[in-house]
Amino acid sequence: MAVRLHADPGVGRQLPALQLRRLLAGCGAKVAVVAPELGETLAAEKAAGRIEHIAARFEEAHLAGAAVVIAATDDHAVNAAVSRAAKARDIPVNVVDSPELCSFIFPAIVDRSPMIVAVSTGGASPVLARLMRAKLETLLPATYGRLAQMANGLRDRVKRHFANPAQRRIFWEKMLGGSFADLVLAGKGTEAERYFDEQLAATRDAPLRGEVYLVGAGPGNPDLLTFRALKLMQQADVVVHDNLVSPAIVELCRRDALRIYVGKQRNDHTLRQEEINALLVKLAKEGKRVLRLKGGDPFIFGRGGEEIETLTANGISFEVVPGITAAAGVASYSGIPLTHRDY
């Protein structure tokens, strides 16, 4: 991939160009810098053979053969000319700190190769994206790259062991969310691989056994979900949700999960309760991990008791995750204690 980078030679103004060069080089790009002259920093890059230098002011002919174009100058007229010329040729173009001239935006990147985390505000606030990146840098140890590398090296073994893709996903969720990941992140690679081998050998490639999670979504604020609720929302294969569950909470569920709306409103029941009970059983018997997501708490006006009676009668395993009831939530939002020693 050939990249044309139009840069200013000034020492302070070379930093964006240098950062972009390193980012692009990591993707295997061949970078050519178009500038009348190079400052000390970029000159060192040229001397090391890491960039090509085209010693000239910008001309449209410089775009020939380019896959991506970047303008990193302090001259707005030059930046605008680069943007127009690139767009006319349908070449993706980025102009540093000028989102209105861009056809694509560089996100702030947390590099844990081969794992990459990107944060973008669509050009609305690059500083905010960088601040968020700084927070993520502290939350993601450098050893996450090693974890991703080890997982990649073990993928074929897991694929051979499990014929069912859903079984593989469940196994990997267990490994990457448990002791295997902890050992790798602690730098104990040999112990981690031994633990992985033991767990793989002990896990049979058998038909999936479905289960149901009755989860309380609380009064509507995603910040009031429990950690356990969020974890189950991320691993469920099917989401069966009520009318009182806010869209913001439903969006936190696993993106590729099947979503089934069974909400009830006055004189408008999508499914009768008996039909919902039967649906949960049917999905679980198909080997699905089913999330029954309810507003408030599943046992407070949620008819969760009837659902677990049906599941028990059909031998379906289930888990109940309490949520904040709407009654308690509304009172708290209003600043009214439900109990008070003086009243």
Side-chain angles (χ1 to χ4, degrees), residues 139 170 173-174 177-178 209-286 288-343:
L139 295 174
I170 292 172
E173 287 174 353
K174 179 182 177 182
R209 295 187 59 187
E211 54 188 351
V212 177
Y213 317 128
L214 279 75
V215 173
N221 187 339
D223 290 339
L224 297 179
L225 287 168
T226 63
F227 285 120
R228 183 61 180 167
L230 188 59
K231 180 177 181 180
L232 296 177
M233 289 164 65
Q234 287 289 316
Q235 72 179 39
D237 304 306
V238 184
V239 179
V240 180
H241 62 97
D242 282 347
N243 177 58
L244 294 178
V245 180
S246 70
I249 289 179
V250 175
E251 283 302 310
L252 292 175
C253 295
R254 203 176 100 200
R255 287 299 174 94
D256 60 338
L258 174 65
R259 298 178 184 182
I260 302 176
Y261 173 71
V262 295
K264 300 186 184 73
Q265 302 181 48
R266 185 177 180 181
N267 298 323
D268 182 14
H269 291 191
T270 307
L271 292 179
R272 293 182 297 109
Q273 185 61 47
E274 294 77 13
E275 293 174 313
I276 296 174
N277 298 347
L279 176 64
L280 298 178
V281 171
K282 174 180 177 294
L283 292 169
K285 285 187 174 180
E286 292 174 356
K288 303 289 195 304
R289 293 176 294 177
V290 185
L291 178 76
R292 179 68 176 103
L293 193 58
K294 297 169 174 284
D297 183 273
F299 284 175
I300 305 295
F301 297 111
R303 304 185 74 171
E306 298 170 47
E307 292 172 356
I308 65 171
E309 286 177 358
T310 304
L311 295 172
T312 301
N314 285 272
I316 305 296
S317 62
F318 63 86
E319 178 180 344
V320 179
V321 179
I324 298 174
T325 69
V330 169
S332 297
Y333 281 139
S334 304
I336 301 172
L338 293 179
T339 61
H340 195 294
R341 65 181 298 172
D342 294 336
Y343 301 97

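The structure presented is a predicted model; accordingly, all values stated were derived computationally and were not measured.
Ile308 places a side-chain heavy atom less than 4.5 Å from the side chain of Phe299. Under the 4.5 Å side-chain criterion, counting only non-hydrogen atoms from C-beta, Glu275 is not in contact with Val262. In this structure, the side chains of Lys294 and His241 stay at 4.5 Å or more apart for every pair of heavy atoms. Residues Leu293 and Val240 form no side-chain contact, since every pair of their non-hydrogen atoms from C-beta on lies 4.5 Å or further apart. Counting heavy atoms from C-beta on, the side chains of Val330 and Pro219 never come closer than 4.5 Å.
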(request) Please step through side-chain contact (heavy atoms from CB on, under 4.5 Å) for the pair Arg292 and Leu280, ending with a clear verdict. (result) CA-CA 8 Å; Arg292 179 68 176 103; Leu280 298 178; 4.0 Å; yes
(request) Give the intermediate values and the outcome of side-chain contact (heavy atoms from CB on, under 4.5 Å) for residues Phe318 and Thr312. (result) CA-CA 8 Å; Phe318 63 86; Thr312 301; 3.4 Å; yes
(request) Apply the test side-chain contact (heavy atoms from CB on, under 4.5 Å) to residues Ile170 and Gln235: give CA-CA distance (whole Å), side-chain angles for both, the deciding distance (0.1 Å), then the verdict. (result) CA-CA 8 Å; Ile170 292 172; Gln235 72 179 39; over 6 Å; no
(request) Go through the steps for Asn277 and Leu311 under the test side-chain contact (heavy atoms from CB on, under 4.5 Å), then give the verdict. (result) CA-CA 8 Å; Asn277 298 347; Leu311 295 172; over 6 Å; no
(message) Run Lys288 and Glu211 through salt bridge (charged side-chain N to carboxylate O under 4.0 Å, His left out) and show every step you take.
(response) CA-CA 7 Å; Lys288 303 289 195 304; Glu211 54 188 351; over 6 Å; no
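Considering every non-hydrogen atom in both Gly220 and Ser246, the closest pair reads O-OG, 3.1 Å. Shown here for Pro298 and Pro322, the closest heavy-atom pair between the two residues is CD-CA, 4.3 Å. Across Ala284 and Val290, no two heavy atoms sit closer than the pair N-CG2, 4.0 Å. Contact between Ala328 and Leu338 at its shortest, heavy atoms only, is CA-CD1, 3.9 Å.
At a cut-off of 3.5 Å, with distance as the only test, no side-chain donor of Tyr261 or Asp242 sits close to an acceptor on the other residue. A side-chain donor from one of Glu307 and Gln273 sits under 3.5 Å from a side-chain acceptor of the other.
Under the 3.5 Å distance criterion, the side-chain polar atoms of Asn314 are left unmatched by any main-chain donor or acceptor of Ile316. Between the side chain of Arg259 and the main chain of Val239, no donor-acceptor pair closer than 3.5 Å is present. Between the side chain of Arg254 and the backbone N or O of Ala236 there is at least one donor-acceptor pair closer than 3.5 Å. Side chain of Gln234 to main chain of Leu252: a donor-acceptor pair is present (N/O by atom type, distance under 3.5 Å, no hydrogens or angles).
To the nearest 0.5 Å, atom CE of residue Met233 and atom CD of residue Glu251 are 10.0 Å apart. Note that the CD1 atom of Ile324 and the CG atom of Asp297 stand 10.0 Å from one another [nearest 0.5 Å]. One finds the CZ atom of Arg303 at 13.5 Å from the CG atom of Leu214 (value rounded to the nearest 0.5 Å). Rounding to the nearest 0.5 angstrom, the gap separating the CD atom in Glu274 from the OG1 atom in Thr310 is 8.5 Å. Note that NZ of Lys231 and OH of Tyr213 are 9.5 Å apart. Values are rounded to the nearest 0.5 Å. Interatomic distance, Leu291 CG to Asp237 CG, rounded to the nearest 0.5 Å: 10.5 Å.
Note on Arg289 versus Glu173: salt bridge recorded, some NZ/NE/NH1/NH2 to OD/OE distance being below 4.0 Å.
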